[in-house]
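To keep things clear, I will list the structure first and then write my remarks on it.
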Number of protein chains: 2
Amino acid sequence: MLQLSKKVEYGLIALRHMAMKPLGTVFTAKELAKEYDLPYELLAKILQKLARAGMVRSLQGVRGGYSLAKRADELTVADVINVIEETRPMVAECYTEGPESCYLFGSCTIRRPLGKLQRNLNVLFDEMTVQEIV
Amino acid sequence: MLQLSKKVEYGLIALRHMAMKPLGTVFTAKELAKEYDLPYELLAKILQKLARAGMVRSLQGVRGGYSLAKRADELTVADVINVIEETRPMVAECYTEGPESCYLFGSCTIRRPLGKLQRNLNVLFDEMTVQEIV
DNA sequence: CGTATGTAGGACTTACTAGGTCGGATTTCC
DNA sequence: GGAAATCCGACCTAGTAAGTCCTACATACG
């Protein structure tokens with residue numbers, strides 16, 4: 001519980017790798033997977049998501065691959081999680097899914113205090129950028 | 001991902017409920033489960049764990065039940081998670097399981113930065129007590 | 001051209017585990 | 001002794017994270 005998913009880890013590893021070379025350098029999914037011994041297909045999908053979100057640029061074809069679309073200090077960990085996980089990292093589901101998701105909503109007594117925790121958590125993720133993990 | 005487990009939620013709800021009445025008041029698992037419509041057996045186990053950890057006192061027998069063993073401001077959310085989940089809430093498994101758990105350990109480039117995130121996270125949980133959710 | 005090399009992306013499989021349930025033992029009050 | 005409680009291990013189940021497979025499409029280059 002309360003762990004980052006492998007997808008997010010892999011995404012961060014890939015982004016950090018790209019951030020080490022000059023902006024615009026192209027990397028293939030295969031090359032990145034090999035370098036860190038990550039499952040190729042999975043990493044490819046993650047990169048595709050990041051591409052759709054505009055965090056990396058993708059080039060198709062034989063000399064294709066991925067390159068960073070933004071500076072590393074513009075990519076927050078929160079964004080990466082958000083894109084890969086397709087949801088913000090919430091402490092309780094009623095924050096993401098809404099009141100209907102939880103039959104306890106009416107009687108739940110810990111929602112407000114957890115909300116405070118949540119906001120603090122968000123700040124942590126928002127403030128951390130890929131730049132910092134280089 | 002990155003959510004508190006139901007167990008922790010139920011535990012916090014129960015502790016908070018107990019913290020509302022004078023210290024020493026006894027509550028049965030059944031009564032607590034009914035009040036918040038939580039699954040009885042599950043809540044019972046959670047309370048047993050909290051009892052073994054010395055956070056609540058348990059009384060067996062017909063007039064038995066549970067009562068808080070400490071003041072609400074002495075019970076941190078971190079402790080509650082720790083006891084119920086039997087592990088600290090870590091952002092990546094290599095922090096809980098050790099280096100052997102992750103075949104990437106040698107090549108992993110995001111461990112250190114995530115460690116920083118982890119420490120910040122710990123502070124959040126350490127600083128929040130049951131008192132604050134009353 | 002056409003082939004090698006790359007991304008795009010849907011469908012599927014597998015393994016794990018959170019959440020919940022059941023059964024029975026033990027304790028204690030009346 | 002019986003009712004009401006904790007105690008605790010074993011079990012079941014559904015959801016999902018992680019990984020795999022397959023096919024389509026794009027493009028550079030001989």
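Quick note on labels: first sequence line is chain A, next is B, and so on, each numbered from 1.
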Using a heavy-atom cut-off of 4.0 Å across all strands, would you classify [X] as base, sugar-phosphate, or nothing?
X	result
B:Leu47	nothing
A:Tyr40	base
A:Ala29	sugar-phosphate
B:Arg57	nothing

Practice task
Measure distances between side-chain N and O atoms of B:Lys45 and base N and O atoms of D:dT6, and say whether any donor-acceptor pair falls under 3.5 Å.
Solution key: no
Problem - B:Glu85 and B:Lys49 ion-paired at < 4.0 Å - result: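 Between B:Lys49 and B:Glu85 there is no salt bridge, as every charged N stays at least 4.0 Å from the carboxylate O atoms.
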Problem - Carboxylate-amine/guanidinium contact B:Lys30 B:Glu35, below 4.0 Å - result: no
Between [options], which nucleotide gets closest to the side-chain atoms of [X]?
X	options	value
A:Leu42	D:dG19, C:dA8, C:dG20	D:dG19
B:Gln60	C:dT7, D:dC7, D:dA3	D:dC7
A:Gln48	D:dG19, C:dA8, D:dT6	C:dA8
A:Arg63	D:dA5, D:dC29, C:dA8	D:dC29
B:Thr28	D:dT6, C:dA8, C:dG9	D:dT6

Phosphate contact ([N] OP1 or OP2) by [X] side-chain N/O below 4.0 Å:
X	N	value
A:Lys30	C:dG6	yes
A:Ser58	C:dA8	yes
A:Tyr10	D:dG19	yes

Problem - Donor-acceptor contact present, side-chain A:Glu132 to main-chain A:Thr129, <3.5 Å - result: yes
Practice task
Could you state whether A:Ile13 and A:Val26 fall into the same hydrophobic cluster, counting links through intermediate Ile, Leu, Val, Met, Phe, Trp or Tyr residues with side-chain heavy atoms under 4.5 angstrom apart?
Solution key: no
